[in-house]
A.B. asks: 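Sending over a structure as structure tokens; questions will come in a sec.
Proteins come first, then strands; the chains are lettered A, B, ... in the order of their sequence lines, and each starts at number 1.
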Amino acid sequence: MSEERSLNFLEEIVEEDISAGKHGGRVLTRFPPEPNGYLHIGHAKSICLNFGLAKRYGGKTNLRFDDTNPVKEDVAYVDSIKEDVKWLGFEWAQELYASDYFDKLYEFAVALIKKGLAYVDDSTAEEIAKQKGTPTEPGTPNQYRSRSVDENLQLFADMKAGKYPDGAKVLRAKADLASPNMHLRDPLMYRIKHAHHHRTGHAWCIYPMYDFAHGQSDAIEQITHSICTLEFVPHRALYEWFIEQLELFPSRQYEFARLNLNYTVMSKRKLLQLVEEGHVEDWDDPRMPTISGLRRRGYTPHSIRDFCERIGVAKRENMIDVSLLEFCIREDLNKTAWRRMAVLDPVKLVITNYPEGQTDTLFGENNPEVEGGEGGREIPFSRELWIEREDFMEEPLKKFFRLGVGLSVRLKNAYIITCNEFVKDSEGNVAEIHCTYIPESKSGSDTSGIHVKGTIHWVSIPHAKTAEIRLYDRLFRVEDPSSEDGDFKEYLNPDSLNIIKGYIEPDLANAVAGKGYQFIRKGYFSLDSKHSSAEKLVFNRTVTLKDGWSQQASKGGLKSS
RNA sequence: UGCCUGAUAGUAUAAUGGUAGUACGACGGUUUUUGGUACCGUUUGUCUAGGUUCGAAUCCUGGUCGGGCAACCA
């Protein structure tokens, strides 16, 4: 059935290559993160693309860390990236590092110098920038451009040997200073950085630039399809130039439009700022669009893969509505989450005709979406219950199918009750709701013949456990914080996190992290892997349930307070 | 005033010269011991002006608008 789906442009390219017999029909892709931050949902799109393409066409995918800038990179990031890719459900063929190729890359540089295609430049960064010209004016050569091969060889060896301080010299390609493509105006190949590298330690003090590392790394690994995002389109000419001059395996680069999600930001730089300035707890804060944040929030790998499949791939800039992501997680959790009851904003309900001190044990199935319900759990029932404050109205609206004096509802998995009166406290708030129950209406053995419109959830007061419940809202108040005036952080949503205390049914003490639970009528929740403990349960709200009532109520201008 | 890219419902994404379709959203309805789910239905689109053609979202030309490009970042 998924075969009926039309091909995206990358699949078309691969299919054409295969049918043309290119590389003997072999497909090898790579996912090339720089270990300078955590992976986010945008990377998930790239991961699904690279691994998905290879899988679909019988190929493999390498995980290659693009670690050519030691001052920004760290093993902690390497570890998190590996964990996230695995968690998403993908297996890489080889775990590789651009730094594995430092020796090889150095040889490539020497080869280019010998061909007269690279030179050592003593200019400062500012001078080089100036000499590159502008998009409308060609660059101008400096005196270093005409250095002899021997001098360049010696100077480059001295750079490697650590004879110069950071920034004193760079190695540049001798390409085309007049090219309309700025990237071809004698791009930098190597710079001096006396810095510790997370893998090579202090073995090197010169490091290759992205453009002099990525394409060659692809070629060394014999990557057939090197897939990256649109901002690398102008780099493609350089990518191919180096491969050609070095006569390497002809890997080819293809670009797609990166994912943008509304009400969040999708750049490692900005996410790092949120972490460092304490706007969020950490990279895995459940409000973050990071893979680890989504995981902690309760998203499943399947839902994220499904999302990546649904958003499609093309070359036009896009802004995906978060409602699609929410749809994907709801759809997954609806089929897998076990149903439980929890009251988030409690008000006391007393069943006046139920004997004091008596307890009833009721049954509730785990998952009504599955044949057999996946078993169930026991739910204690008693005379006094917590119910949701919003499920009662002093003066009920016409289509309010919940409680109010004279109205009847079913208590989920229990009995039908009728509200007779309510009691207010000294401040005028509803303090107690008094109802009577119908003994013959017990769920599963209802002989009352009564039908009610509404069903509400509840928790028995003497049996209830408490839990900290964290309710999340979008991180930003505006759809595209990066495009607004001023600093993007001015648009942070001050109400993105709301921590409350709730009452939960006893069985929820058995909840495990990583599993989704549907708090009936309230949403999907999961145990917080970081803060929850046996002494203090902490649940994160993954996503709310769709709420047709509140939509209808607000649309009709009806307020329920 | 340079080069590279792109433009199809609110948001994404198909249609590869031959009936503009799908998903999400929104709206309405049926079912329901979750105002959830499921199911049914409705709504809105080819940036613009010419040209080629029996026929154009698709090909050509001009324009408009969006994104990217001048880091010792990737």
Side-chain angles (χ1 to χ4, degrees), chain A residues 5-8 12 32-34 36 66-69 71-73 98 121 123-125 128-130 132-139 166-172 179-183 185 188-193 206-207 209-211 213-214 228-237 255 257 262 268-269 310-328 330-331 334-335 339 341 364 368-369 399-402 409-414 416 441 443-444 446 451-457 518-523 544-553 555:
Chain A
R5 197 190 102 239
S6 52
L7 302 179
N8 64 47
E12 280 180 7
E34 183 188 11
N36 67 342
D66 229 331
D67 55 351
T68 57
N69 186 2
V71 302
K72 289 189 176 176
E73 296 152 7
D121 192 329
S123 308
T124 64
I128 288 176
K130 205 169 177 189
K132 277 196 182 180
T134 69
T136 50
E137 297 166 282
D166 288 10
K169 287 179 166 48
V170 293
L171 182 71
R172 286 228 259 169
S179 173
N181 182 341
M182 298 297 293
H183 294 276
R185 322 250 264 226
L188 271 61
M189 294 163 58
Y190 270 91
R191 75 288 216 193
I192 300 170
K193 275 181 195 281
I206 57 171
Y207 292 92
M209 300 288 289
Y210 167 86
D211 284 310
H214 202 100
C228 61
T229 45
L230 249 29
E231 65 266 31
F232 291 98
V233 169
H235 294 253
R236 189 172 61 227
E255 312 86 7
N262 58 184
K268 278 196 271 187
R269 204 191 98 250
R310 285 170 183 271
I311 56 178
V313 199
K315 301 186 77 155
R316 67 187 87 110
E317 297 288 329
N318 59 77
M319 173 76 79
I320 307 287
D321 200 312
V322 278
S323 66
L324 182 60
L325 219 209
E326 293 178 345
F327 166 82
C328 291
R330 283 194 189 106
E331 187 179 60
N334 176 52
K335 291 181 185 130
R339 314 291 132 124
M341 293 197 284
E369 295 297 313
K399 285 189 175 174
F400 187 71
F401 304 134
R402 308 181 195 177
V409 295
R410 170 170 295 279
L411 292 171
K412 178 73 181 177
N413 295 127
I416 291 174
S441 67
S443 283
D446 187 345
H451 291 282
V452 290
K453 265 289 206 181
T455 299
I456 65 172
H457 59 281
Q518 185 196 99
F519 290 0
I520 290 174
R521 301 208 307 139
K522 292 274 87 179
T544 60
L545 251 26
K546 271 174 70 179
D547 186 355
W549 165 249
S550 71
Q551 281 175 3
Q552 191 186 331
K555 188 180 44 173

A.B. asks: Could you check whether A/Gly167 gets within reach of a base, just the sugar-phosphate, or nothing at all, counting any heavy atom under 4.0 Å?
C.D. replies: base
A.B. asks: Stem ranges for RNA chain B, with three or more consecutive Watson-Crick or G-U pairs under 3.5 Å?
C.D. replies: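 As far as RNA chain B goes, consecutive pairing (with distances under 3.5 Å) yields the stems B:2-7 with B:64-69, B:10-13 with B:21-24, B:26-30 with B:38-42, B:47-51 with B:59-63.
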A.B. asks: Which of these nucleotides, B/G35, B/U1, B/A74, is closest to any side-chain atom of A/Tyr210?
C.D. replies: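 That would be B/A74.
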A.B. asks: If you measure from the Lys or Arg side-chain nitrogens to the Asp or Glu carboxylate oxygens, is any gap between A/Lys72 and A/Glu34 under 4.0 Å?
C.D. replies: no
A.B. asks: So what does A/Pro368 touch, heavy atoms closer than 4.0 Å: a base, only the sugar-phosphate, or nothing?
C.D. replies: base
A.B. asks: With a 4.0 Å cut-off on heavy atoms, is A/Gly523 in touch with a base, just the backbone sugar-phosphate, or nothing at all?
C.D. replies: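 Since no nucleic acid heavy atom lies under 4.0 Å of A/Gly523, the category is nothing.
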A.B. asks: For A/Leu411 and A/Ile456: C-alpha separation, side-chain torsions, deciding distance, then whether side chain to side chain contact (heavy atoms under 4.5 Å, CB included) applies.
C.D. replies: CA-CA 5 Å; A/Leu411 292 171; A/Ile456 65 172; 3.9 Å; yes
A.B. asks: Determine whether any donor atom in the side chain of A/Glu369 lies under 3.5 Å from an acceptor atom in the base of B/G36, or the reverse, and answer yes or no.
C.D. replies: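 Indeed there is one.
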A.B. asks: Test for a donor-acceptor pair under 3.5 Å between the base of B/G36 and the side chain of A/Arg330, counting only N and O atoms.
C.D. replies: no
A.B. asks: Between A/His235 and A/Tyr210, how do the two ring planes meet: parallel, tilted or perpendicular, split at 30° and 60°?
C.D. replies: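 Answer is perpendicular, since the angle exceeds 60°.
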A.B. asks: For a quick check of understanding: with a heavy-atom distance under 4.0 Å over all strands, which category does A/Asp547 fall into, base, sugar-phosphate or nothing?
C.D. replies: sugar-phosphate
A.B. asks: Of the options B/U37, B/G6, B/A12, whose atoms approach the side-chain atoms of A/Lys546 most closely?
C.D. replies: B/U37
A.B. asks: Less than 3.5 Å between a donor and an acceptor, one on the side chain of A/Arg410 and one on the base of B/U33, is that the case here?
C.D. replies: yes
A.B. asks: Minimum heavy-atom separation for A/Arg310 to A/Cys328, with atom names?
C.D. replies: CD-SG, 3.6 Å
A.B. asks: Contact class for A/Val313 vs. all strands (heavy atom < 4.0 Å): base, sugar-phosphate, or nothing?
C.D. replies: sugar-phosphate
A.B. asks: Tell me what A/Lys193 touches on the nucleic acid: a base, only sugar-phosphate, or nothing, going by heavy atoms under 4.0 Å.
C.D. replies: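 Sugar-phosphate contact only.
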A.B. asks: At 4.0 Å (heavy atoms only), tell me whether A/Gln518 reaches a base, stays on the sugar-phosphate, or touches nothing.
C.D. replies: base
A.B. asks: Which listed nucleotide (B/C73, B/U33, B/U37) is nearest to the side chain of A/Asn334?
C.D. replies: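 Of B/C73, B/U33, B/U37, B/U37 is nearest to the side chain of A/Asn334.
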A.B. asks: So do A/His457 and A/Lys522 actually touch side chain to side chain, heavy atoms under 4.5 Å?
C.D. replies: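 Yes, their side chains come closer than 4.5 Å.
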A.B. asks: Reckon A/Thr68 touches a base, only the sugar-phosphate, or nothing at all at heavy-atom distances under 4.0 Å?
C.D. replies: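 Result for A/Thr68 = sugar-phosphate.
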A.B. asks: Does a side-chain N or O from A/Arg191 land closer than 4.0 Å to OP1 or OP2 of B/A74, or not?
C.D. replies: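 Indeed, a polar side-chain atom of A/Arg191 lies that close.
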A.B. asks: From the list B/U33, B/C4, B/A74, which nucleotide is the closest neighbour of the side chain of A/His235?
C.D. replies: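 Selected nucleotide: B/A74.
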A.B. asks: Taking only the side-chain heavy atoms of A/Asp321 (C-beta and beyond), determine which of B/A74, B/A7, B/U11 contains the nearest atom.
C.D. replies: B/U11
A.B. asks: Taking any heavy-atom pair under 4.0 Å as a contact, classify A/Arg185: base, sugar-phosphate, or nothing.
C.D. replies: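 Here A/Arg185 touches no strand at all.
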A.B. asks: NA contact type, A/Phe327, heavy-atom cut-off 4.0 Å: base, sugar-phosphate, or nothing?
C.D. replies: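 Sugar-phosphate: the residue A/Phe327, judged by heavy atoms under 4.0 Å, touches backbone atoms but no base.
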A.B. asks: Over all strands shown, is A/Ile520 touching base, sugar-phosphate only, or nothing at heavy-atom distances under 4.0 angstrom?
C.D. replies: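 Base contact.
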A.B. asks: With no angle test and no hydrogens, is the base of B/U34 tied to the side chain of A/Thr455 by a donor-acceptor pair under 3.5 Å?
C.D. replies: no
A.B. asks: Checking side chain to side chain contact (heavy atoms under 4.5 Å, CB included) for the pair A/Glu317/A/Leu230: CA distance, chi angles, key distance, verdict?
C.D. replies: CA-CA 9 Å; A/Glu317 297 288 329; A/Leu230 249 29; 3.9 Å; yes
A.B. asks: With respect to the side chain of A/Asn69, which nucleotide from B/A14, B/C73, B/U1 is positioned closest?
C.D. replies: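 Closest nucleotide among those given: B/C73.
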A.B. asks: Picking from B/C72, B/U33, B/A12, which would you name as closest to the side chain of A/Ala125?
C.D. replies: B/C72
A.B. asks: Applying a 4.0 Å non-hydrogen cut-off, can you work out what A/Leu230 is touching in the nucleic acid: base, sugar-phosphate, or nothing?
C.D. replies: nothing
A.B. asks: Where the side chain of A/Ser323 is concerned, which of B/G35, B/A74, B/C24 is the nearest nucleotide?
C.D. replies: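 For A/Ser323, the side-chain atoms sit closest to B/C24.
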A.B. asks: Side chain of A/Ala314 only, please: which of B/U13, B/A12, B/G35 is the nearest?
C.D. replies: B/U13
A.B. asks: What is the nucleic acid contact for A/Phe232, judged by heavy atoms within less than 4.0 Å: base, sugar-phosphate only, or nothing?
C.D. replies: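 A/Phe232: base contact, heavy atoms under 4.0 Å.
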A.B. asks: As a test of reading the structure: which of B/A14, B/A74, B/G35 is closest to the side chain of A/Arg316, going by heavy atoms?
C.D. replies: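 Of B/A14, B/A74, B/G35, B/A14 is nearest to the side chain of A/Arg316.
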A.B. asks: Between A/Arg339 and A/Pro368, is any pair of side-chain heavy atoms under 4.5 Å apart?
C.D. replies: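 A/Arg339 reaches A/Pro368 side chain to side chain.
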A.B. asks: Would you indicate what A/Val233 reaches in the nucleic acid, counting non-hydrogen atoms under 4.0 angstrom: base, sugar-phosphate, or nothing?
C.D. replies: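 Sugar-phosphate: the residue A/Val233, judged by heavy atoms under 4.0 Å, touches backbone atoms but no base.
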